[in-house]
Amino acid sequence: MIFDFLFPNRCLICNQIIDKSDIVCEVCFPRINFSNHNYNDSNKLKDKLLVQFPISNAYSLLYYEKESLAQNIIQQLKYNNRENIGKNLAKWVMDRVDFKNDKPDIITTVPLHYIKLKQRGYNQLHLFGNELSNFYNIPVNHTLLKRTTHSKAQAKKDQSERLKTKNAYQLTQRIDDKHILLIDDVYTTGNTISNIAWEILNNSTNVRISILVMAMDV
């Protein structure tokens, strides 16, 4: 209580004091650039991913642009110990995504290398994925994949470095006859998602993959 009084939660845009469970105030909320994708139909993210690997569905919650609110939200989540932002993002997804009659069987998240996980203290996707798992009643498996190589943050890599992520991820168990919802934070080149997707497809049978990201680079 004393901490909340001395260091109140503030809107990421206007700095107004807001409820501790929020990240922006009601006045600034309309400034968030939601993608308005339809998970079950063609959309900008799905069109990009279709040229990289076979995909069932895809959805991006936000459009990620430099100096945008979406960028600020993701950076606060990943680098400023604001893991709880994952709950807000999950809630926004819940308000917008209906899996209809094609609900995935398993949710899994892009893993961090153990060195980066130790440095950061948390995987920014876990709380987000857990919230979605509870709401949609879909089992979540955060250990289905593991990161085998350690590198600097994707956002800090140049184009050539981003192309070197092949074989950086390993499937820890077979997942035959399943529909997998793979979750990541930001889609940029699609290298990470594509490499993971092919790792799953090449080591399982009769598996389908759908993608859900917090934001996509435009």
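The first residue of the sequence shown is numbered 1, and numbering continues consecutively from there. No hydrogens, no waters, no symmetry mates; every other heavy atom, side chains included, goes into these values.
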Open item on the list: Looking at every non-hydrogen atom in both residues, tell me the closest pair between Val213 and Ile193 and how far apart they are.
Closed with: CG1-CD1, 3.8 Å
Task: Any Phe128 side-chain heavy atom under 4.5 Å of Asp185 side chain - done: no
Task: Cluster check Tyr79, Leu127: I/L/V/M/F/W/Y, side chain < 4.5 angstrom - done: no
TODO: Identify whether Leu117 and Leu145 are in the same connected component of the hydrophobic contact network (ILVMFWY, side-chain heavy atoms under 4.5 Å).
DONE: no
Open item on the list: Donor-acceptor pair, distance only, cut-off 3.5 Å: does the side chain of Asn38 make one with the backbone of Asn43?
Closed with: no
Open item on the list: Please check this pair: side chain of Ser35 against backbone of Ser60, looking for a donor-acceptor N/O pair closer than 3.5 Å.
Closed with: yes
TODO: Output all residues satisfying ring-ring contact (aromatic ring centres under 6.0 Å, His included) with His126, sequence neighbours left out; order by chain, then residue number.
DONE: His142
Task: Heavy-atom donor-acceptor pair, Ser210 side chain to Ala58 backbone, under 3.5 Å - done: no
Task: Residue list, side-chain contact (heavy atoms from CB on, under 4.5 Å) with Lys91, at least two apart or on another chain - done: Asp95
Task: Closest non-hydrogen atom pair, Glu65 against Gln71 - done: O-CB, 3.5 Å
TODO: Ignoring hydrogens and angles, state whether a donor on the side chain of Asp176 or Thr205 is under 3.5 Å from an acceptor on the partner side chain.
DONE: yes
Open item on the list: Is there a continuous path of hydrophobic side-chain contacts, each under 4.5 Å between heavy atoms, that joins Ile55 to Ile106?
Closed with: yes
Open item on the list: Contact between Tyr122 and Leu112 at the side-chain level, heavy atoms closer than 4.5 Å - yes or no?
Closed with: no
TODO: Give the minimum heavy-atom separation between Arg208 and Ser56, together with the two atoms involved.
DONE: NE-OG, 3.1 Å
Open item on the list: Tell me the closest heavy-atom pair linking Val110 and Asn123, and the distance in Å.
Closed with: O-ND2, 3.2 Å
Open item on the list: So does Asn195 get a backbone contact from the side chain of Glu199, meaning a donor-acceptor N/O pair under 3.5 Å?
Closed with: no
TODO: Using the ring-ring contact (aromatic ring centres under 6.0 Å, His included) rule, collect all pairs that involve residues 28-51, keeping only residues at least two apart or in two chains.
DONE: Phe29-Phe34, Phe29-Trp92, Phe34-Trp92, His37-Tyr63, Tyr39-Phe99
Open item on the list: I'd like to know whether CD of Gln173 has more than 12 heavy-atom contacts from other residues, nucleotides or ligands below 6.0 angstrom.
Closed with: yes
Task: Nearest atoms (heavy-atom pairs only) where Glu131 meets Lys87 - done: OE2-CE, 3.6 Å
Task: Other ILVMFWY residues reachable from Tyr114 by side-chain steps of under 4.5 Å - done: Ile115
Open item on the list: Between Arg10 and Asn15 (side chain of the first, backbone of the second, donor and acceptor by atom type, cut-off under 3.5 Å), is there such a pair?
Closed with: yes
Open item on the list: With a 3.5 Å distance limit and no angle check, can you tell me whether Thr172 reaches the backbone of Leu144 through a side-chain donor-acceptor pair?
Closed with: yes
Task: side-chain contact (heavy atoms from CB on, under 4.5 Å) partners for Gln76, two or more places apart - done: Leu12, Asn72, Asn80, Arg82, Ile85
Open item on the list: I'd like to know if Val27 and Ile32 are part of one continuous hydrophobic network [Ile/Leu/Val/Met/Phe/Trp/Tyr, side-chain heavy atoms within less than 4.5 Å].
Closed with: no
Open item on the list: Around atom NZ of Lys103, are there more than 12 heavy atoms from other residues, nucleotides or ligands closer than 6.0 Å?
Closed with: yes
- [ ] Could you tell me whether the side chain of Asn33 and the main chain of Leu62 form a donor-acceptor pair under 3.5 Å?
- [x] no
Task: In one Ile/Leu/Val/Met/Phe/Trp/Tyr side-chain cluster, 4.5 Å: Val218, Tyr64 - done: yes
Task: More than 12 heavy atoms from other groups under 6.0 Å of CZ on Arg174 - done: yes
Task: Test side-chain contact (heavy atoms from CB on, under 4.5 Å) applied to Met214 and Asp184, Leu125, Ile183, the passing residue - done: Leu125
Task: Nonpolar side-chain network containing Ile18, other nodes, edges under 4.5 Å - done: none
TODO: Could you tell me whether a side-chain N or O of Ser133 sits under 3.5 Å from a main-chain N or O of Gly129, the two making a donor and an acceptor?
DONE: no
Open item on the list: Can a donor-acceptor pair be found, under 3.5 Å and without considering hydrogens, that links the side chain of Asn141 to the backbone of Thr143?
Closed with: yes
